Novice: 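Supplied in structure tokens, the structure appears directly below.
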Protein chains: 2
Amino acid sequence: MVTIRDVAKKADVSVATVSHVLNKTRFVSEVLRNRVEKVMAELDFHSNIVASGLRTKKTGSIGLIVPDNSNPLFAELAHLIEDVMFGAGYSVVLCNSANDLAREKAHIRTLRSKRVDGLIIIPSINDPEPINRLVGNDLPVVIMDRAIPGVNTDVILVGDFMGMKEAAQYLLRLGHRRIGYVDRPVDLPHSRERFRGFQDALQDANINLPPELIVRGGFRYEDGAQAVKKLLRNRPQPTAVVFFNDISAIGALRAAIDQKMRVPEDLSLIGFDDIPYCAFSIPRLTTIHFPKREMALKAGELLLRRIELGEEHQFETVTLPAYLVIRESTAKPKG
Amino acid sequence: MVTIRDVAKKADVSVATVSHVLNKTRFVSEVLRNRVEKVMAELDFHSNIVASGLRTKKTGSIGLIVPDNSNPLFAELAHLIEDVMFGAGYSVVLCNSANDLAREKAHIRTLRSKRVDGLIIIPSINDPEPINRLVGNDLPVVIMDRAIPGVNTDVILVGDFMGMKEAAQYLLRLGHRRIGYVDRPVDLPHSRERFRGFQDALQDANINLPPELIVRGGFRYEDGAQAVKKLLRNRPQPTAVVFFNDISAIGALRAAIDQKMRVPEDLSLIGFDDIPYCAFSIPRLTTIHFPKREMALKAGELLLRRIELGEEHQFETVTLPAYLVIRESTAKPKG
DNA sequence: GTGAAAGCGCTAACAC
DNA sequence: GTGTTAGCGCTTTCAC
């Protein structure tokens, strides 16, 4: 690997000069600058960022921890974040936590050792301690999507409560009275909020929510399928079901059709996230829009501000509105 | 940030000893080892991998360049690769090329500057030169999914030709004679292979493939929808359409239904990739299975071999079989 | 406008 | 068994 030294020697200048043309960090006469640049090209010189990082304490990389990059929501978020960070000159190290605390902590540890300039996390952790320790060590962190009580970072949330409440209200307005709810297997702040929004809407309308209509399902296709089958075993059957996320709603849609139910005539279904596929399923899925682009942008913005302006004060918590997108999987209950 | 020096001082040993307990790279008496480890924990020491990387020329990171992490195929591949690399102690820097050559080159340049230990690329580039230059500089690279003629790396391909041929043969066996084909907007080796497989099957059966049944569409939902609408304007209409990928097939499925076509009764549809959603669409999508797990595993294996064993010889090209998965979007043509 | 040189935090050869 | 120390390839202060 060719070094700055090699370039300096061949261009007959000092390493300082080479460094300065590299970083435009002080004036270099045109003659020398041209000479240096020519030699760099000739030698196919690629500045060693590891070495410069050792001096400058900047790596030009950030860590991004998501639960599961196979999930279309997280995949899109990861993509968008990579996009804004690329624009700002940073690379992103992508880590999947698999909803596993130990793994998440391992990734945090590694990322810290690698001296990433910042961290964006969609946490599986509910414990602020490992994260607060990072911040204490001057590592800018932004938490996305899931609130962790007591965390000292910027956090960007989605209007889970209101989004889900709006969905339930819509169903109520259509005339539904027996509405099922399918949750994640283990709850986290965001899922709790969504469920609260759902409950709140029913309560406002004085609708009873019997426990048999709440199922702790999962966030995968199969989970949604299983959950809806279970709900459909109830008598009377629910006329609508709301899901923690789109994927499980789509699995449920499939299972409902398999059970000869018509959607939405016999059963209304609502998801959450508004993944691209919702607009193409048959029927198209009514869902709550998750503002992915806005979240990625905001996350990038807040992180970059901490990194580059070194802001230390006031952590911000911003909540982006989620809103209902009415498509074709919802209708009035029959009868 | 606490350094090895701080630890050494506090534990009253030399930095060498600290380094050696850190890396288990030479024997350290239990007494000292315990003392050092205790101090490390007390000071919350996190070894600076940037610094060690400068000495060892290893960063413990690899680069992964995919066209678009929002695409479920690439998202899953990225996830799987992260998984195997995590298991081997590496982080992965994820980059989206957006099918843009300039961007892909920019990423390669950055990754090289960051001295990643290896690179896995799903190239948008057709030009072996930038990649061969990397290899010339001792950066292990493996190319996935798309062949680049003349490249000096390991490459892992999928049986595009045979997979697509099998799909077409299946359609032929069902009795289809007017079969449409929807390709990517600009072809790359893998799409060319797929198309060749399709052509080959028709040719074997002495079926004519009129140009109006071939559309250069795209790989997004909307593209598939547009493409199928265009195909359906032909008279006689095709009775089946094969798509370059699942996403466009799913978009087409939606559009076909919108045009009051029944799938598969009026129109058979086949995708490619077997993304998870295919098993849940209505109807479930017949497609060609893309061996994602096997590819990720193989890519990791080959890359790690180059990185850790420093193998220099013989580049390998492995082709993983792709096979037809018959679901519900295909049937005999009516009439 | 340019160069010399110290030093970032680690590893590893060498010395004892 | 353990310690000393010379770098790894850069950046940046200080000097001219």
Side-chain angles (χ1 to χ4, degrees), chain A residues 1-37 39-40 43-61 89 109-117 137-139, chain B residues 1-37 39-40 43-61 109-110 112-117 137-139:
Chain A
M1 275 277 127
V2 12
T3 74
I4 217 181
R5 257 198 138 65
D6 302 324
V7 175
K9 195 169 302 168
K10 181 141 185 224
D12 196 29
V13 297
S14 71
V15 294
T17 296
V18 177
S19 173
H20 285 119
V21 336
L22 206 52
N23 305 297
K24 310 193 190 317
T25 173
R26 88 176 174 196
F27 182 84
V28 176
S29 67
E30 207 181 325
V31 195
L32 289 198
R33 187 157 27 84
N34 287 158
R35 219 156 74 202
V36 168
E37 280 169 349
V39 172
M40 281 181 175
L43 299 181
D44 193 24
F45 169 75
H46 282 249
S47 166
N48 183 334
I49 295 186
V50 174
S52 82
L54 183 56
R55 280 289 329 219
T56 59
K57 274 111 178 55
K58 303 245 319 111
T59 55
S61 296
R109 216 173 305 123
T110 305
L111 259 7
R112 205 220 281 220
S113 264
K114 292 200 172 157
R115 298 299 190 265
V116 291
D117 297 332
N137 276 304
D138 308 314
L139 214 200
Chain B
M1 275 275 129
V2 12
T3 74
I4 218 183
R5 258 197 136 67
D6 302 323
V7 175
K9 195 169 301 169
K10 182 144 184 216
D12 197 31
V13 297
S14 72
V15 294
T17 296
V18 177
S19 171
H20 286 120
V21 337
L22 205 54
N23 305 298
K24 309 191 189 320
T25 172
R26 86 176 176 195
F27 183 83
V28 177
S29 68
E30 207 181 324
V31 196
L32 290 197
R33 187 158 27 86
N34 287 157
R35 220 156 73 203
V36 169
E37 280 168 351
V39 171
M40 281 179 174
L43 299 182
D44 193 24
F45 168 75
H46 282 249
S47 168
N48 183 333
I49 295 186
V50 175
S52 83
L54 184 55
R55 280 291 329 219
T56 61
K57 273 111 179 54
K58 303 247 317 113
T59 55
S61 296
R109 216 174 305 123
T110 306
R112 205 218 283 217
S113 265
K114 293 201 172 157
R115 299 296 191 265
V116 292
D117 297 332
N137 276 305
D138 307 315
L139 214 202

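For the numbers below, each heavy atom of this structure counts, side chains included, while hydrogens, waters and symmetry mates do not. This structure is a prediction, so every number in the text was calculated from the model and none was measured. Every chain is numbered from 1 and lettered A, B, ... according to where its sequence line falls, protein lines coming before strand lines.
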Novice: Between atom CG in A:Asn48 and atom P in D:dG7, what is the gap in whole Å?
Specialist: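 To the nearest whole Å, that distance equals 18 Å.
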Novice: Please name the residue in the list A:Val15, A:Asn23, A:Val21, A:Thr17 that meets the side-chain contact (heavy atoms from CB on, under 4.5 Å) test with A:Ser19.
Specialist: A:Asn23
Novice: Would you kindly give the CD1-to-C1' distance between A:Ile49 and D:dT11, to the nearest whole Å?
Specialist: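 Whole-Å distance recorded here is 14 Å.
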Novice: Between A:His20 and B:Arg5, which residue's closest nucleotide on DNA chain D lies nearer the 5′ terminus?
Specialist: B:Arg5
Novice: What is the distance, to the nearest angstrom, from the CZ atom on A:Arg55 to the P atom on C:dC8?
Specialist: 7 Å
Novice: Would you mind reading off the distance between B:Lys24 atom NZ and C:dA12 atom C1', rounded to a whole angstrom?
Specialist: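 It is 18 Å, rounded to the nearest whole Å.
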Novice: For B:Ser52, enumerate each residue passing the side chain to side chain donor-acceptor pair (under 3.5 Å) test, keeping only those at least two apart in sequence or located in another chain.
Specialist: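 None.
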Novice: Give a yes or no on whether the backbone of B:Ile49 and the side-chain of A:Ser113 come within a donor-acceptor separation of less than 3.5 Å.
Specialist: no
Novice: Atom NZ of B:Lys114 to atom P of D:dG9: distance rounded to whole Å?
Specialist: 19 Å
Novice: Which atom pair, heavy atoms only, marks the closest approach of B:Thr3 to B:Asp6?
Specialist: N-OD2, 2.8 Å
Novice: Expressed as a whole number of angstroms, how long is the span from A:Ile4:CD1 to D:dC8:C1'?
Specialist: 13 Å
Novice: As a test of reading the structure: which of D:dT11, C:dC10, D:dG9 is closest to the side chain of A:Asn23, going by heavy atoms?
Specialist: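 Output: D:dT11.
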Novice: For C:dT11 and B:Ser19 - does any side-chain N or O of the residue sit under 4.0 Å from the phosphate oxygens OP1/OP2?
Specialist: yes
Novice: Taking A:Asp44 first and then B:Arg112, would you say they form a salt bridge - that is, a charged N and a carboxylate O separated by under 4.0 Å?
Specialist: yes
Novice: If each of A:Thr56 and B:Asp12 is mapped to the nucleotide of DNA chain D with the nearest heavy atom, which maps nearer the 5' terminus, i.e. the 5' end?
Specialist: B:Asp12
Novice: Decide yes or no for A:His46 and A:Met1: does some side-chain heavy atom of the first lie under 4.5 Å from some side-chain heavy atom of the second?
Specialist: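 In short, these two side chains do not touch, never coming nearer than 4.5 Å.
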Novice: Ignoring hydrogens and angles, are the base of D:dT2 and the side chain of B:Arg26 linked by a donor-acceptor pair under 3.5 Å?
Specialist: yes
Novice: Would you indicate whether the side-chain heavy atoms of A:Val36 and A:Val28 approach each other to under 4.5 Å?
Specialist: no
Novice: For a quick check of understanding: with a heavy-atom distance under 4.0 Å over all strands, which category does B:Val13 fall into, base, sugar-phosphate or nothing?
Specialist: sugar-phosphate
Novice: So, OP1 or OP2 of D:dG9: does either fall under 4.0 Å of a side-chain N or O from A:Thr3?
Specialist: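 It does not, given that no N or O in the side chain of A:Thr3 lies less than 4.0 Å from OP1 or OP2 of D:dG9.
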Novice: What's A:Thr25 touching, base or sugar-phosphate or nothing? Going by heavy atoms closer than 4.0 Å.
Specialist: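 Since no nucleic acid heavy atom lies under 4.0 Å of A:Thr25, the category is nothing.
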Novice: Identify which nucleotide among C:dA5, C:dC8, C:dT11 has an atom closest to any side-chain atom of A:Leu54, counting heavy atoms from C-beta outward.
Specialist: C:dC8
Novice: Measure the spacing between NZ of A:Lys114 and OG1 of A:Thr110 and express it to the nearest 0.5 Å.
Specialist: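 Rounded to the nearest 0.5 Å, the NZ-OG1 separation comes to 6.0 Å.
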Novice: Quick one: A:Leu43 CG to D:dG9 P, roughly how many Å, whole number?
Specialist: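 Nearest whole value for this atom pair: 14 Å.
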Novice: Using a cut-off of strictly less than 4.0 Å between a heavy atom of the residue and any atom of DNA chain C, enumerate the qualifying residues of residues 27-36 of chain A by number.
Specialist: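 Of all residues in residues 27-36 of chain A, the ones placing a heavy atom under 4.0 Å from DNA chain C are A:Phe27, A:Val28, A:Ser29, A:Leu32.
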Novice: Which nucleotide wins on minimum distance to the side chain of B:Thr17, given the candidates D:dG3, C:dT2, C:dT11?
Specialist: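 Selected nucleotide (nearest to the side chain): D:dG3.
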Novice: Please state whether the phosphate of C:dT11, meaning OP1 or OP2, lies under 4.0 angstrom from any side-chain nitrogen or oxygen of B:Lys57.
Specialist: no
